[in-house]
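Worksheet: the structure to be examined is printed underneath.
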Amino acid sequence: MSGDVEQVAGWVRDARQIALLSGAGMSAESGVPTFRDAQTGLWAKFRPEELATEDAFRANPQMVWDWYAVRREMIAKVEPNAGHLAVAAFQRRHPNRLTVVTQNVDGLHQRAGSPGVLALHGNIAQDKWLDAPGDCCTHMEPVAGRPPRCAKCGNMRRPAVVWFGEMLPARELQAAEEAARRCDLMLVVGTSGAVYPAAGLARIARGKVVVVNPHASELDDAADVVLRGTAAALLPQLLEEGPG
Ligand code: BV8
């Protein structure tokens, strides 16, 4: 174990309250391409920020629906990695000592067994109505399609994720801010730190901030220690029971 890893492992042992903020890099070793790397095929010419918006969906519902369908299928085929599993195991050994705050919509922390995950950007496996549903929407099966629609008013189904320009779910955001303000240690894992307000949590952390990322990120300047490595390689080292 390198000196820095050993030092952070010591901080983990001493911390009463730990907050873990994760991004797409957390799931990269499960086979889920990061947000930056996800743009392949017919979506390659779009930046994610262009597709993950209500305007894009209204302008071309089928294209955006298909983009989510491909991501959903891919996510359904993968498994949590050693990083997700180390976090869930730590939470089982030390209940209520670590709070997972994730930008990921893939549900892999939850599938690894982590309790009380604060999913700031929603869950790609779920749908909701685009517009406020009328009686027609709720009383009839939506008509199949890409996307499915209300047979009467044409209201569309959309992925239950937070699109750019949309507010985050208030309960999760408030709980995440509280976790940041009371933590002794925040582990910032696999995020470029480019998207707000999620990235801002690392800047309001009360405790020490440790970035885990094989590449430079926009939150390196907020870190007390930057560990240049991957989530699946480093989290087991940081979270497993050390000697004594
Ligand atoms: C909002 C769900 C209020 C959808 C997502 C302040 C400043 C600037 C801009 C803003 C600001 N406040 C608001 C904004 C606007 C905007 C924003 O942040 N824009 C950015 C692009 C500049 N924010 C919003 O719109 C938010 N809403 O503010 O509402 C409001 C309302 C109206 C008007 C104004 C304000 C909503 C943001 C949420 C959008 N939804 N996802 C979907 O998934 O389709 S965001 C999505 O992108 C992800 O959830 C994630 O948050 C982000 C991607 O970032 P990362 O997860 O970090 O992934 P990335 O690929 O970038 O990086 C991966 C990292 O992993 C890399 O660093 C890499 O080195 C590392 N890595 C790779 N392999 C590994 C690894 N690390 C460890 N191990 C490995 N193996």
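Counting starts at 1 for both ligands and their atoms, following the listed order.
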Contact (N/O only, under 3.5 Å) between [X] and ligand 1:
X      : answer
Ala24  : yes
Val161 : no
Glu29  : yes
Val162 : yes
Ala216 : no
Glu49  : no
Val195 : no
Tyr68  : yes

Using heavy-atom distances, let me know which of [options] sits nearest [atom].
atom                    : options                      : answer
atom 22 (C) of ligand 1 : Ala119, Ala194, Ser22, Ala52 : Ala194
atom 42 (C) of ligand 1 : Arg71, His121, Met167        : Arg71
atom 25 (O) of ligand 1 : Gly165, Ser30, Ser192        : Gly165

Numbering the atoms of ligand 1 from 1, which are under 4.0 Å from a heavy atom of [X]?
X      : result
His215 : 69 (O)
Gly23  : 56 (O)
Gly190 : 63 (C), 64 (C), 65 (O), 76 (N), 77 (C)
Asn213 : 66 (C), 67 (O), 68 (C), 69 (O), 70 (C)

Any salt bridge between [X] and [Y], counting N to O under 4.0 Å?
X      : Y      : result
Arg72  : Asp106 : no
Arg206 : Glu177 : no
Asp4   : Arg228 : no

As an exercise, state the distance from [atom1] of [X] to [atom2] of [Y], rounded to the nearest 0.5 Å.
X      : Y      : atom1 : atom2 : result
Glu6   : Leu238 : CD    : CG    : 10.0 Å
Leu118 : Leu168 : CG    : CG    : 11.0 Å
His94  : Gln17  : NE2   : CD    : 12.5 Å

Applying a 4.0 Å heavy-atom criterion (strictly less than), which segment of Ser217 is in contact with ligand 1: side chain, backbone, both, or neither?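 Answer for Ser217: neither.
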Residue-level breakdown please: for Gln103 versus ligand 1, do any non-hydrogen atoms fall below 4.0 Å on the side chain, on the backbone, on both, or on neither?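 Contact part for Gln103 vs ligand 1: both backbone and side chain.
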Count the heavy atoms belonging to other residues, nucleotides or ligands that lie under 6.0 Å from CD of Glu54, then report whether that count exceeds 12.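 Above 12, so yes.
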Quick check: are there more than 12 heavy atoms from other residues, nucleotides or ligands sitting under 6.0 Å from NZ of Lys152?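 Atom NZ in Lys152 is not crowded, with 12 or fewer foreign heavy atoms closer than 6.0 Å.
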His139 side chain to Cys136 backbone, donor-acceptor under 3.5 Å: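 Pair absent, no side-chain N/O of His139 close to backbone of Cys136.
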Ring of Trp129, cation from Arg158 - is the NZ or CZ under 6.0 Å from the centre and inside 45° of the axis?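 No, cation not above the ring by the 6.0 Å, 45° rule.
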Parallel, tilted or perpendicular: which describes the rings of Tyr68 and Trp163, with under 30° parallel and over 60° perpendicular?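 Tilted, since the angle between the ring planes falls between 30° and 60°.
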